[in-house]
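Read through the structure below, which is laid out as structure tokens, and then see the notes.
A, B, ... follow the sequence lines: proteins, then strands. Residue 1 opens every chain. Note: hydrogens, waters and symmetry copies are ignored here, and every other heavy atom, side chains too, is used.
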Amino acid sequence: MSLELRGISVTLGHGDARVTVLDGLDATFAAGTATALVGPSGSGKSTLLAVAGALLRPDAGQVLLDGADLAALSERDRARARRERIGYMFQSGNLLGGLVVVDQLLAAASIAGRSHRQLRPRAEELLTELGLGHRLRHRADQLSGGERQRVALGRALLLEPALLLVDEPTAAVDRTQARALTELIVGTTAGRGCVTVIATHDPAVLAVADSAFDMAPSPPERLSA
Amino acid sequence: MHLALLELKAARGRFLLMGAVVVLVAALVGIVSGFTTGLGDDTVSALRRLSATDLAFSPDVKTDQFARSLVGADTLAAWQRQPGVRATGLGVALTRGTTERGVEVDLAAFGVDPAVFLSPGVERGARLAEDGQVVVSGKLADQGVRIGDTLTVDRIGVRLTVVGVTGSSAYGHVPVAYVTPATWQRIRFAVPGAQQATAELPYQYSAVAIQAVPGTDLAAVDRRLGTRTVPLADAFAAAPGYSGEKVTMTSIQTFLYLIAPLVVGAFFGIWTVQRQPELALLRALGASRRRLLGHTLAQASAVVVGGTLVGAALAGAVGLLLGAQVPFSLPAPTLAATMATVALAGLAGAALTLRRVATADPTTMLGAGR
Ligand SMILES: Nc1ncnc2c1ncn2[C@@H]1O[C@H](COP(=O)(O)OP(=O)(O)OP(=O)(O)O)[C@@H](O)[C@H]1O
Ligand SMILES: [Mg+2]
């Protein structure tokens, strides 16, 4: 299992706001490895995750997940890939208003057509691992920023995705928690053998991740560990 | 459906509020419908009961025929000679009466020949048989007119013996009392204050009630006999207040049917706009358009159908509470039909917002500004 990006180009916006964010980017991410995606703000980290996550169709290039090109799929099939094979933690706005924590996870199960009853124990276990065992019945608006990110991570992990995409997981947590959270992601990645990409500015993430990919140089390059 | 339920639960305050609005609209439609039917019955139930297909009036009157039309005995006799037609005289007159026990009542005196097809059946007592007898509608019995009572028509002094009670029968919101044509003519044509009827009462009727074999050319008969024949149902408009009430109630109902989809549509419209970020998130997580549309429809159905059912129960309860004191009638088929219309109107309103649900854009999740 691997994720391979070939010649990805993305242009966003119209008219004066038109920006070429990714320009013929090539990158390969191996299964069982968590890669930290680094680079200055605006360098295209979130955009790269969106392309890899079948959320944004690139203007050119291929997104090969286990050899199959996500960029070539119809919109309907990309949605299916998102719900069945990809776990995504967005940079913000991850949670559904009014739903309690455990239901945030089970909503993803629902979307994927899986049994929420069967997955409930797993969801609770996962949330406990994420240090949210005492928050299962809290609503999203009753959580701190860091707690919300952890709920979102739990949701991304619930269905054991082949591809785990995490955008700025540690932006709202303290150093200890940042390290613990990253270790959890990296450990899960190794345990499950999924492909994991973490967009981050955080040196703590960089320190724990298996490898790093830098968006700053042109072309972007893999940093040696 | 699990997710749809979760969302319903999460926004239960709003959905309850919306449900309450649907309940009230549905109940109002039900109540208005009950009064429409009830008032209609109270105005024309006596006419509806007539086992006639058509009524022939004098040709010169176009409105208020029952009060203003007069048809002579010779015209009636000529109608009775027409092939394919059975005809009998019908008299209608509004008056008042008092029983010997001092019960005062308004009544609509219907003059009908007891031997032919207009003769009313009775629920209690004896059928109308001869002059000087009266069979009263159940409503008059409720007001205290009993079998065996003598009912004296005010001012004219015509004395009537109550022999029977028939079912509910009203004309222009006034309960009906059935008398023979001769008695009716005494009531209609007597000079107020005269103790004895004048010797020569005109042998006239308000109309000729007709039972026609389908296909009979009544217009041709009209031309020959100088009458104006209308189908029984069209004659309802001649009853006092019928057209005005019908227009009023129907327009209230029509407006409610228009309001229902607008209110429901506005609610779901606002809700969908507010929910755009969440719809985008659900799409980003891989929810199909079909699933989101299905959820929205399920939620709308729950609110609209649930609200309508409660509203129907409320309207039914109002009907039961009002009882027989007011003209309110809401038979189950009518209730079911009006409630189905409210529900459909509401769902149509919700359907207006589906486009926005389908077009929620998952890439908005990329904007870090959320
Ligand atoms: N809809 C858009 N229209 C035009 N430009 C856009 C649009 N969305 C993003 N951009 C631009 O694309 C570039 C890359 O954005 P992206 O969100 O991928 O950066 P990032 O590396 O994740 O930054 P950060 O570290 O701040 O999250 C930015 O310069 C941004 O201004
Ligand atoms: Mg970003």
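Of the atoms belonging to B/R283, heavy atoms from both backbone and side chain fall under 4.5 Å from chain A. B/L292 does not touch chain A: none of its heavy atoms, backbone or side chain, sits under 4.5 Å away. Heavy-atom distances place no part of B/A11 under 4.5 Å from chain A, backbone and side chain included. With a threshold of 4.5 angstrom between heavy atoms, A/E75 approaches chain B through side-chain atoms but not through N, CA, C or O. For A/R155, the part sitting under 4.5 Å from any heavy atom of chain B is the side chain, from C-beta outward, and nothing else. Using a 4.5 Å cut-off between heavy atoms, A/L106 touches chain B through backbone and side chain atoms alike. For a residue to count as touching a neighbouring chain, one of its non-hydrogen atoms must lie under 4.5 Å from one of that chain's; by this rule A/A108 does not touch chain B.
For the set A/A81, A/A107, A/S110, the entry with the most heavy-atom pairs within less than 4.5 Å of chain B is A/S110. The most heavy-atom pairs under 4.5 Å with chain A, out of B/R290, B/H2, B/H295, come from B/H2. Here A/A79 is the residue among A/A79, A/G113, A/A50 with the most heavy-atom pairs under 4.5 Å with chain B.
By the 4.5 Å heavy-atom criterion applied to side chains, A/L153 and A/P169 are not counted as neighbours.
Rounding to the nearest 0.5 Å places CG of A/L99 at 7.5 Å from CG of B/L3. Interatomic distance, B/D142 CG to B/S168 OG, rounded to the nearest 0.5 Å: 9.0 Å.
At most 12 heavy atoms of other shown residues, nucleotides or ligands fall within 6.0 angstrom of atom CZ in A/R80. Counted within 6.0 Å of NE2 on A/H134, heavy atoms from surrounding residues, nucleotides or ligands total more than 12; the atom is thus considered enclosed.
Taking the six-membered ring wherever Trp is involved, the centroid distance between the rings of A/Y88 and A/F90 falls below 6.0 Å.
The pair A/D103-A/R120 meets the salt-bridge criterion, since a charged nitrogen lies less than 4.0 angstrom from a carboxylate oxygen.
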